[in-house]
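Just so you know, these numbers use all the heavy atoms, side chains as well, and skip hydrogens, waters and symmetry mates. Letters go in sequence order (proteins before strands), and every chain restarts at 1.
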Amino acid sequence: MAILNANYIAARLKGAYEVLYKSARGRVAHECIIDTRPLVDSAGVTVDDVAKRLIDCGFHAPTMSWPVAGTLMIEPTESETKAEIDRFCDAMLAIREEARAIEDGRMDRANNPLKNAPHTVEDLVGEWDRPYSREQACFPPGAFRVDKYWSPVNRVDNVYGDRNLVCICPPLEDYAEAAE
Amino acid sequence: MTTAADFTFTDYKPYDFANRRHIGPSPSEMEAMLAVIGYDSLDALIDDTVPPSIRQTEPLAWGPAMTEREALDKMRETANRNKKLVSLIGQGYYGTITPPVIQRNILENPAWYTAYTPYQPEISQGRLEALLNYQTMVCDLTGLDVANASLLDEATAAAEAMAMAERVAKSKATVFFVDENCHPQTIALLRTRAEPLGWTIVVGDPFADLDATAVFGAIFQYPGTYGHVRDFTAVISSLHAQGAVAVMAADPLALALLKSPGDMGADIAVGCTQRFGVPVGYGGPHAAYMAVKDVYKRSMPGRLVGVSVDSRGNRAYRLSLQTREQHIRREKATSNICTAQVLLAVMASMYAVFHGPQGIKAIAQSVHQKTVRLAMGLEKLGYTVEPDVFFDTITVDVGKLQGVILKTAVAEEVNLRRIGTTKIGISLDERSRPVTLEAVWRAFGGDFTVADFEPGYRLPKSLLRTSEYLTHPIFHMNRAESEMTRYIRRLSDRDLALDRSMIPLGSCTMKLNATAEMLPITWPEFSEIHPFVPVDQAEGYRHMITDLSEKLCSVTGYDAISMQPNSGAQGEYAGLLTIRAFHIANGDAHRDVCLIPTSAHGTNPASAQMAGMKVVVIKVSDNGDIDMDDFRAKAEQYAANLSCCMITYPSTHGVFEENVRDVCEIVHRHGGQVYMDGANMNAMVGLARPGDIGSDVSHLNLHKTFCIPHGGGGPGMGPIGVKAHLAPIYPVILKRMAVKVPSRRPLRFGIDPADLLELLPDDGRRRPDAGDKGGNPQCQLHRCTAQGCL
């Protein structure tokens, strides 16, 4: 069943993304690697952007950049229903379309739903000056309307954290500053 | 009156867990999905996916599948075969009270136990905060600057500290000194880890036998395994004077009352947070900690949660300094730690949040006072109690009475620690009650009540703690349970776990952790068994582990299974040590080359390095398969020194490689052994067996294929399977490697029900009966993996 689910995902994403490795008979095992590297050149969209946009859709990203840099490795397992897998595939296909809009020049290369993902409530209540709607930002295909998962933070800056290493609970006054 | 004719018979089975409840797609969904892929049956898809050359010919013959209810009944019977006594054995494992608010809302809550390792920080803010609390707690208690979250157990944490000491020490010595008062399992594991790397372990009295000029580091237990509370400040200074590194293994509860390792000058502190609300569970899983001085933070193994900002400049947590980890550094990595007992670290941190510094201090004082009372009673009976100052552990020399006292204690439903042939050790904990003390006195021949003794203190005055701890407001929240409940809920609401959506992480196998599999974990007959109880008290565990081993043998085609390794990475390490021992036993100690394809999991080269092997990297061809020409050439080139190859099957690229048998054959022809990483076993269960394909050793990730939850980054379990020719060797290796069970035990495992019950080992997971294409391997896969092969 795990093999069925993985091959189903590979089949549904065919055309939108290339599945990197298949057996001689065109089959994948229990997981598949899809190539998001072409999007870097065509739309400036990185594997990170895809992963963070999946959060807006209510998903945990697949394994990133392993074993091949710039790709996503997807393993659905046998536990997932067709509906859940379809929701995931719908999200992945919609992300491909968002990248296509950038490729076609219909969407800005720097200010777009992929680069700004994940979107938070903070984004919504603030000034909205983006070339796409709040609706598109927060309710992409895959996202639930009533049971929407809201990311508690915007994209995290890893470099900042490594340069300014703090590994214990910060003092409370810092929390107050952050809220300002 | 109705008759049968009034009803349409339904063959729907509401309790068909094997085929429906534990599998995603329904029969009609399966049909629709197959149509999209272009097949008319699952059999045809599998035939095209799994090469015929490796397919197993016989289905797994486990009989019909049980319902969950039947399986739970069976688990109940198994649980009842364990005898639950009060264990005062100590030796690193202590009774503790898991606050129910933590048990129900964390340990038994899928929002926490089904989460993945927090590599995607935006959807992991809740558990990252809990882990930051853990690090803060550890830093405070140890008096050191930076703590990780977390390590597997105290013994492996000590080994990681030793390896780190070797890296950072200015001293170029190759000897590591180990305090004779370290727990025996820690000493045993340090020996195992040191040997392949060419380091010598010297065990002795730090105040008499330690030559600081001859060592790169030393470890001291605080308090010692027999109860001693000693000041290591001077010894540590002498180490520093020689450029050596000082490690202290410290009990976090004792640190609530005692001068911290940091205040004594220690560079590294390690220990186990089990007694912060995590049940002993026959030895695990529990979170170990490591804390270091600031200067060493970049050399510290394990995961480190840090504070950063998001794109709006708001505070956000994430894992720091990941470039230290083995998935980046590979064969240059110095640690293979990956799975890290996160769920248990979260529990321990919440215990500290729940109690706060006042609570932790009160618990520590109460444990100490009870121990003083116990000592007073024993002294009144004429026994000499050692040491004269202690925290919670005392040792009594009883001479020839040892046997009779231990036996009487068991009759009083109390387990004490047998030390040598003449001594008895007793460790009290927060669960110890007046009746417990009175039972111990009776076992020693005394008839007292606790009221007969005034409370007192026997801590060394010079070592009383003066520094504060748990000062952060998070440890000072209102003590009302409603606050605690909401705090835990608030954190879990920030996270995305399997209870909200699929987690399609390749190589991680984030599958259903069925609720029924989780239920027995908190049954006291499993959770309250101390790892060092007499074997006859752990009959249920023995039965369960034997049964699971047999089933895993039938799944993998191996001849023997060891349940010891605490994680997949530990399993790899144990498997490689077994191969190493095999070559040494054959007079081939020089065989030390390990071939690893570039596509391998990062832990593979890291484990090989730890096992003292030289890693030779094999190319991968454009289609993701092993480059056979390169493989042949390297195998030939290194034939004289070839130890083994490490391959993953199906490959890490998600493909069943057709040439896997050739790979095995080539390695064997050149005198090497084949290690097949079992991380992708989920694709094979019921269809193919590593042991049949030509592999000699594998580990299995029970937290992937076999349904143990990931817990946000642990617990995990990595049992290894070996072929018959390695079986005589591997228990010898594991005797030293396994940390939790004394050598007299036939099987050495230190595992929690969490590690096993999820597997419903005892016949719980049998094949469904007729009507499901019984006997066809495809069906086996879907039933077997659906059931986590239980």
Side-chain angles (χ1 to χ4, degrees), chain A residues 1-8 11-12 20-25 27-33 51-52 55 58-63 66-67 73-82 84 88 118 122 149 151-158 160-162 165-170 172 174-175 178, chain B residues 23-25 29 33 36-37 42 45-46 48-49 120-123 125 132-133 135-136 139 146 304-312 314-316 318 320-321 472-474 494 496 500-507 509-512 599 623-624 650 652-656 682-683 781-782 785-786:
Chain A
M1 287 303 299
I3 290 175
L4 169 67
N5 281 356
N7 278 281
Y8 177 71
R12 276 217 55 196
L20 266 189
Y21 302 105
K22 292 178 178 177
S23 69
R25 292 165 196 252
R27 298 272 59 92
V28 298
H30 64 305
E31 59 194 4
C32 61
I33 299 177
K52 303 309 176 191
I55 296 173
F59 285 104
H60 191 298
T63 299
W66 190 87
M73 180 158 64
I74 304 170
E75 179 182 5
T77 84
E78 69 282 5
S79 309
E80 299 305 333
T81 64
K82 178 171 179 291
E84 181 69 355
F88 175 72
E122 295 283 344
Y149 171 76
S151 176
V153 294
N154 288 95
R155 201 175 298 193
V156 176
D157 186 337
N158 283 318
Y160 177 90
D162 279 356
L165 197 64
V166 177
C167 298
I168 54 170
C169 298
L172 212 58
D174 283 15
Y175 287 85
Chain B
I23 310 221
E29 286 176 352
M33 294 165 79
V36 171
I37 309 171
L42 193 55
L45 171 67
I46 300 298
D48 253 9
T49 306
Q120 291 280 332
E122 293 84 0
I123 53 180
Q125 291 294 304
L132 194 69
N133 294 345
Q135 293 176 179
T136 306
C139 287
V146 184
L304 182 61
V305 177
V307 184
S308 185
V309 293
D310 72 3
S311 57
R312 292 188 159 270
N314 288 330
R315 169 193 318 291
R318 92 277 177 261
S320 306
L321 306 180
H472 191 271
I474 198 67
R494 294 180 195 164
L496 206 58
R500 284 211 218 214
S501 81
M502 75 186 291
I503 300 183
L505 282 162
S507 184
T509 314
M510 299 294 291
K511 63 162 66 173
L512 171 77
S599 56
N623 69 356
T652 53
H653 290 168
V655 176
F656 283 101
N682 205 39
L781 177 72
H782 95 233
T785 52

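Between B/Leu132 and A/Pro170, the closest side-chain pair of non-hydrogen atoms falls below 4.5 Å. B/Leu42 places a side-chain heavy atom less than 4.5 Å from the side chain of A/Met1. Side-chain contact between A/Thr77 and B/Met502 is absent, with no heavy-atom pair separated by less than 4.5 Å.
Applying the side-chain hydrogen bond (donor to acceptor under 3.5 Å, both in side chains) criterion to B/Thr136, with sequence neighbours excluded, gives no partner residue. Under the salt bridge (Lys or Arg N to Asp or Glu O under 4.0 Å) criterion, B/Glu29 pairs with no residue at all, not counting sequence neighbours.
Across A/Ile3 and B/Ala683, no two heavy atoms sit closer than the pair CD1-O, 3.7 Å. In this structure, A/Tyr149 and B/Arg500 approach most closely via the heavy-atom pair CD1-NH1, 3.5 Å. When all heavy atoms are compared, the tightest approach of B/Leu496 to A/Phe59 is CD2-C, 3.3 Å. Nearest heavy atom pair, residue A/Cys167 against residue B/Leu304, reads SG-CG, 3.6 Å. Nearest approach of A/Val153 to B/Ala316, heavy atoms of both residues: CG1-CB, 4.1 Å. Taking every heavy atom of both residues into account, B/Thr652 and A/Trp66 meet most closely at CG2-CH2, 3.5 Å.
Both the backbone and the side chain of A/Leu4 have a heavy atom closer than 4.5 Å to some heavy atom of chain B. Using a 4.5 Å cut-off between heavy atoms, B/Pro25 contacts chain A through both its backbone and its side chain. Residue B/Val305 touches chain A through its backbone alone, counting heavy-atom pairs closer than 4.5 Å. For B/Gln125, the part sitting under 4.5 Å from any heavy atom of chain A is the side chain, from C-beta outward, and nothing else. Heavy-atom distances place the side chain of A/Pro118, and not its backbone, under 4.5 Å from chain B.
A donor-acceptor contact shorter than 3.5 Å is absent between the side chain of B/Ser308 and the backbone of A/Asn158. The backbone N or O of B/Thr509 lies less than 3.5 Å from a partner atom in the side chain of A/Glu75, making a donor-acceptor pair. Looking only at distances, no side-chain donor or acceptor of A/Asp162 sits under 3.5 Å from a matching main-chain atom of B/Ser320.
Using modelled atom types, one finds no donor on one side chain facing an acceptor on the other under 3.5 Å when comparing A/Glu84 with B/Ser501. A donor and an acceptor atom, one from each side chain of A/Glu78 and B/Asn682, are located under 3.5 Å apart.
Exactly one of B/Asp48, B/Ile46, B/Leu45 qualifies for a side-chain contact (heavy atoms from CB on, under 4.5 Å) with A/Asn7. That residue is B/Leu45.
Rounded to the nearest 0.5 Å, atoms CZ (A/Arg155) and CZ (B/Arg318) are 15.5 Å apart. Of the inter-residue distances, the one linking B/Asn623 atom CG with A/Leu20 atom CG reads 11.0 Å to the nearest 0.5 angstrom. How far OH of A/Tyr8 is from CE of B/Met33: 6.0 Å, rounded to the nearest 0.5 Å. Separating the CG atom in A/Asp157 from the CZ atom in B/Arg312 is a distance of 15.0 Å, to the nearest 0.5 Å. Atom NZ of residue B/Lys511 and atom NE2 of residue A/His30 lie 10.0 Å apart, to the nearest 0.5 angstrom.
For the options B/Glu122, B/Gln135, B/Gln120, heavy-atom pairs under 4.5 Å to chain A are most numerous at B/Glu122. When A/Pro62, A/Ser151, A/Ala11 are compared by the number of non-hydrogen pairs under 4.5 Å with chain B, A/Pro62 comes out ahead. The candidate from B/Gly624, B/Gly306, B/Ser311 with the greatest count of non-hydrogen atom pairs under 4.5 Å with chain A is B/Ser311. The candidate with the highest count of non-hydrogen atom pairs below 4.5 Å against chain B, out of A/Ile168, A/Val166, A/Asn154, is A/Asn154. Between chain B and the residues A/Lys22, A/Glu31, A/Lys52, A/Arg12, the most heavy-atom pairs under 4.5 angstrom are made by A/Glu31.
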Checklist entry - Where do B/Leu505 and A/His60 land on the side chain to side chain contact (heavy atoms under 4.5 Å, CB included) test, with the steps shown first? => result CA-CA 8 Å; B/Leu505 282 162; A/His60 191 298; 3.6 Å; yes
Next on the checklist: Assess the residue pair A/Cys169 and B/Asn133 against the criterion (side chain to side chain contact (heavy atoms under 4.5 Å, CB included)); give the C-alpha distance rounded to whole Å, side-chain angles, the decisive distance to 0.1 Å, and a yes or no.
Outcome noted: CA-CA 6 Å; A/Cys169 298; B/Asn133 294 345; 3.1 Å; yes
